[in-house]
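Notes for the one structure printed next.
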Amino acid sequence: MEKEQKVTVRRIKGAKGKRRQLVMLTAYDQPFARLIDEAGVDIVLVGDSLGNVVLGYKNTRPVTMADMVHHTKAAARGVKRALLVADIPYHAVSVANAKRLIAAGAQAVKIEGLKGVKEIIKAGVPIMGHLGYLPQTMGKPTVQTSGRLIRQAKELAAAGIFALTLEMVEPQLAREITEAIGVPTIGCGSGPFCDGQVVVTYDLLGLSDWQPRFARPRVELKQIARQAIRDYIGSVRA
Ligand code: KIV
């Protein structure tokens, strides 16, 4: 069988306007990174959702650079083909920290908002932007004015980002942004008009305690795992 080519930043950028939608999923460790890479995802994201999904925090804000480096290294051991992108925590945005994530095995980093983007791209690190709901800086999802979001998206595109995550942006506005910029948009609860979609893998697999409305689980793994564990406990005790 022919070996599938490694996904590059250039290939993701070149996917703009093509019929094939991009797919990004999160992973924070080697087994999940390997599973979703082998399944054929385009981008594996070591998201700062790490904080609430696997570290047990209420939100993403306590996540540190040390956490991100540790989990990026683990995920990198599982990814062979997909592009590996890692989040920089908002409070730690700097050229040096972007380079630390690249040294840990990421091919690109994702940053919420506009802070530091130009400097980091200038330093040679590819950046995926992130606009709309910004969990690191906002308490809860708030309605963004459309003019401001479109301006920010254009500013990020002009700065040289290779793709833009749009989280919880109203679908028609996500469509306007997608049509206004020359790099792919990846929607997270932002409707069907983006160039790709992302969800947290634990939500997709029914492993989360809280389920966003836009991420319908395709399987209830938590229930299946609980039953398997109970069966094991029962059989040992018997
Ligand atoms: O941290 C994360 O998992 C993310 C996605 C939800 C886009 O940023």
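Computed from a prediction, not measured in an experiment: that's the story for all the values here.
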Between [X] and [Y], which heavy-atom pair has the shortest distance, and what is it?
X	Y	value
Val63	Gly51	CG2-CA, 3.4 Å
Pro192	Pro171	CD-CB, 4.4 Å
Pro89	Met65	CD-SD, 3.7 Å
Ile177	Ala153	CG2-CB, 3.6 Å
Leu101	Ile88	CD1-CG1, 3.7 Å
Ala159	Lys118	CB-CG, 3.9 Å

Decide, yes or no, whether a salt bridge links Arg20 with Asp42 under the criterion of side-chain N to carboxylate O below 4.0 Å.
-> yes
Using a strict cut-off of less than 4.0 Å between a Lys/Arg side-chain nitrogen and an Asp/Glu carboxylate oxygen, indicate whether Glu38 and Arg34 qualify as a salt bridge.
-> yes
Would you find a donor on one side and an acceptor on the other, under 3.5 Å apart, between the side chain of [X] and the backbone of [Y]?
X	Y	result
Lys115	Tyr90	yes
Thr165	His130	no
Glu170	Leu173	yes
Asp29	Ala74	no
Lys6	Ala82	yes
Ser190	Met168	yes
His71	Ala66	no
Arg230	Ala225	no
Lys16	Thr178	yes
Asn59	Arg61	yes

Hey, does [Y] have a side-chain heavy atom less than 4.5 Å from the side chain of [X]?
X	Y	result
Leu84	Asp37	no
Lys99	Val125	yes
Ile36	Val44	yes
Pro212	Asp203	yes
Thr201	Leu205	yes
Val93	Ile120	yes
Thr64	Asp67	yes
Lys58	Asn52	no

Criterion salt bridge (Lys or Arg N to Asp or Glu O under 4.0 Å) on Glu155 and Arg151, from CA distance to verdict | CA-CA 6 Å; Glu155 197 176 322; Arg151 263 199 314 280; over 6 Å; no
If hydrophobic clusters are built by linking Ile, Leu, Val, Met, Phe, Trp and Tyr wherever their side-chain heavy atoms come under 4.5 Å apart, do [X] and [Y] end up in the same one?
X	Y	result
Tyr202	Ile43	no
Met128	Val109	no
Val46	Leu55	yes
Met68	Leu45	no
Ile12	Leu164	no

Let me confirm one number: the [atom1]-[atom2] distance from [X] to [Y], rounded to the nearest 0.5 Å.
X	Y	atom1	atom2	result
Gln211	Arg213	CD	CZ	12.5 Å
Tyr28	His70	OH	NE2	14.5 Å
Glu179	Arg175	CD	CZ	5.5 Å
Ile161	Lys13	CD1	NZ	9.0 Å
Ile224	Glu220	CD1	CD	8.0 Å
Ile181	Gln152	CD1	CD	12.0 Å

Assess whether side-chain contact (heavy atoms from CB on, under 4.5 Å) is satisfied between Leu204 and Val219, documenting all intermediate values.
-> CA-CA 7 Å; Leu204 183 71; Val219 60; over 6 Å; no
Just do the side-chain contact (heavy atoms from CB on, under 4.5 Å) check on Val79 and Gln30 with the steps written out, would you?
-> CA-CA 8 Å; Val79 176; Gln30 189 272 350; over 6 Å; no
Does Arg10 CZ have over 12 foreign heavy atoms under 6.0 Å away?
-> no
Please step through salt bridge (Lys or Arg N to Asp or Glu O under 4.0 Å) for the pair Asp209 and Lys222, ending with a clear verdict.
-> CA-CA 9 Å; Asp209 291 331; Lys222 197 157 55 174; 2.8 Å; yes
Which of these passes side-chain contact (heavy atoms from CB on, under 4.5 Å) with Leu156: Val117, Ile127, Val183, Ile121?
-> Val117
Could you give me the CA-CA distance, side-chain angles and deciding distance for Val9 and Leu83, then say whether side-chain contact (heavy atoms from CB on, under 4.5 Å) is met?
-> CA-CA 7 Å; Val9 162; Leu83 186 79; 3.9 Å; yes
For Met24 and Gln197, run side-chain contact (heavy atoms from CB on, under 4.5 Å): C-alpha distance rounded to whole Å, both residues' side-chain angles, the deciding distance at 0.1 Å, then the answer.
-> CA-CA 6 Å; Met24 176 159 91; Gln197 297 291 332; over 6 Å; no
With a 3.5 Å cut-off and no angle check, do the side chains of Gln136 and Asp48 form a donor-acceptor pair?
-> yes
Determine whether the side chains of Thr26 and Ser49 contain a donor N or O and an acceptor N or O closer than 3.5 Å.
-> no
